[in-house]
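Below is one structure, written out as structure tokens; the observations come after it.
Read the numbers this way: they start at 1 and go in the same order the structure lists the ligands and their atoms.
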Amino acid sequence: MTHAFHHDLAFSTPDQTTAFAEALAHQLVPGDVILLSGGIGAGKTHFARAVIQSRLAAQGLAEDVPSPTFTLVQTYDDTLCEIWHSDLYRLTHPDEVEELGLIDAFETAICLVEWPDRLGELLPQNALSLEFSTGGASDDPDLRHVRISGPAEQWEARIEKALP
Ligand SMILES: Nc1ncnc2c1ncn2[C@@H]1O[C@H](COP(=O)(O)OP(=O)(O)OP(=O)(O)O)[C@@H](O)[C@H]1O
Ligand SMILES: [Mg+2]
């Protein structure tokens, strides 16, 4: 079994978070799942939007990336594969995950999942996890701490490359 790794990062502006998301975006391949956790307004959608728009832009495409708060899932067609952006906050039962088609998408698409705790036992094993938190004791409203963790074999080298 592969060992786990983690990195603790701090981003002091939305643009710094965007830059990291963009650096990671172009290294993603189908079957990659990124779990985005943290409180309301922590920056999960901001990060996902930057990943999606950066991949689309690399292929000359541009699309709005609304929060999937009410739709639960939004999909995008990157010419290489689908990107699934989901927000499971409003999920009432893990069974709904199957109905959404998310389990299959974990294998075939690039998936960005907000509120992944809702997945329960369906949480994919090889996912990268990003846990966002706001400044804590600091009163800087734009400061975000991000703990990155996941299986090293699949993710560590790519994270090293994307680090600021
Ligand atoms: N360093 C930063 N990184 C990311 N976002 C930041 C940062 N500083 C400020 N922000 C702002 O914080 C807000 C984050 O909102 P976002 O919708 O991404 O939150 P969320 O975690 O998806 O919340 P929800 O649980 O409601 O979906 C945005 O308005 C963004 O501009
Ligand atoms: Mg969100």
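The closest side-chain heavy-atom distance from Leu28 to Arg55 is below 4.5 Å. Inter-residue side-chain proximity for His3 and Glu156 is flagged as met; some heavy-atom pair is nearer than 4.5 Å. At least one side-chain heavy atom of Asp142 sits less than 4.5 Å from a side-chain heavy atom of Pro14.
Checked by distance only, ligand 1 and Gly43 come closer than 3.5 Å through their nitrogen or oxygen atoms. Checked against a 3.5 angstrom limit, the closest N/O atoms of Gly41 and ligand 1 fall inside it. Taking distance alone, with nitrogen or oxygen atoms compared against 3.5 Å, Leu143 stays at or beyond that limit from ligand 1. Ligand 1 has no nitrogen or oxygen under 3.5 angstrom from a nitrogen or oxygen of Ser67. Of the N or O atoms in His46, one or more lie within a sub-3.5 Å distance of an N or O in ligand 1.
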For side-chain contact (heavy atoms from CB on, under 4.5 Å), just list the numbers for Thr134 and Leu143, CA-CA rounded to whole Å, side-chain angles, deciding distance to a tenth of an Å, and then say yes or no. CA-CA 6 Å; Thr134 45; Leu143 180 62; over 6 Å; no
Hey, mind stepping through Leu35 and Leu128 against side-chain contact (heavy atoms from CB on, under 4.5 Å) and telling me if it holds? CA-CA 6 Å; Leu35 308 173; Leu128 181 74; over 6 Å; no
Intermediate values then yes/no, side-chain contact (heavy atoms from CB on, under 4.5 Å), Tyr76 and Leu61: CA-CA 10 Å; Tyr76 300 86; Leu61 305 169; over 6 Å; no
Should Val29 and Ile110 be marked as a side-chain contact (heavy atoms from CB on, under 4.5 Å) after you check the CA-CA gap, both sets of side-chain angles, and the distance that decides it? CA-CA 6 Å; Val29 295; Ile110 290 170; 5.9 Å; no
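Looking only at protein heavy atoms, the nearest one to atom 24 (P) of ligand 1 is Lys44 NZ, 3.7 Å. Looking from atom 31 (O) of ligand 1 to the surrounding protein, the closest heavy atom is Pro14 CG, 4.0 Å. Here the protein heavy atom with the shortest distance to atom 26 (O) of ligand 1 is Ile40 CG2, 3.6 Å.
At least one heavy atom of Gly39 sits less than 4.0 Å from an atom of ligand 1. At a 4.0 Å cut-off, not a single heavy atom of Gly38 sits close enough to ligand 1 to count as contact.
Per-residue contacts place Trp115 under 4.0 angstrom from the following atoms of ligand 1 (heavy atoms of the residue considered): 25 (O). In the vicinity of Asp142, heavy-atom distances shorter than 4.0 Å reach the ligand 1 atoms 1 (N), 2 (C), 7 (C), 8 (N), 9 (C). The ligand atoms of ligand 1 that sit less than 4.0 angstrom from a heavy atom of Thr13 are 1 (N), 2 (C). Atoms of ligand 1 found under 4.0 Å from any heavy atom of Asp87, numbered from 1 in the order shown, are 27 (O). Annotation for ligand 1: atoms under 4.0 Å from non-hydrogen atoms of Phe11 are 1 (N).
Counted by atom type alone, His26 and Ser54 present zero donor-acceptor pairs between their side chains at under 3.5 Å. Donor-acceptor pairing under 3.5 Å is recorded for the side chains of Glu114 and Thr45. Using a 3.5 Å distance cut-off with no hydrogens or angles, the side chains of Glu22 and Thr18 do not pair a donor with an acceptor.
Residue Glu114 approaches the Mg ion (ligand 2) most closely through its N/O/S atom OE1.
Between Arg158 and Asp32, at least one side-chain nitrogen of the basic residue sits less than 4.0 Å from a carboxylate oxygen of the acidic one, meeting the salt-bridge criterion.
Scanning Glu114, His145, Arg144 for the heavy atom closest to atom 2 (C) of ligand 1 points to Arg144. Evaluated by nearest non-hydrogen atom to atom 17 (O) of ligand 1, the leading choice among Asp15, Thr45, Thr17 is Thr45.
Under the 4.5 Å side-chain contact rule for hydrophobic residues, Phe47 and Val113 do not share a cluster.
Residue Thr45 counts as close to the Mg ion (ligand 2), with an N, O or S atom under 2.8 Å.
Protein non-hydrogen atoms do reach within 4.0 Å of atom 9 (C) of ligand 1. Per-atom contact check: atom 29 (O) of ligand 1 does not touch the protein, criterion being a heavy-atom distance below 4.0 Å.
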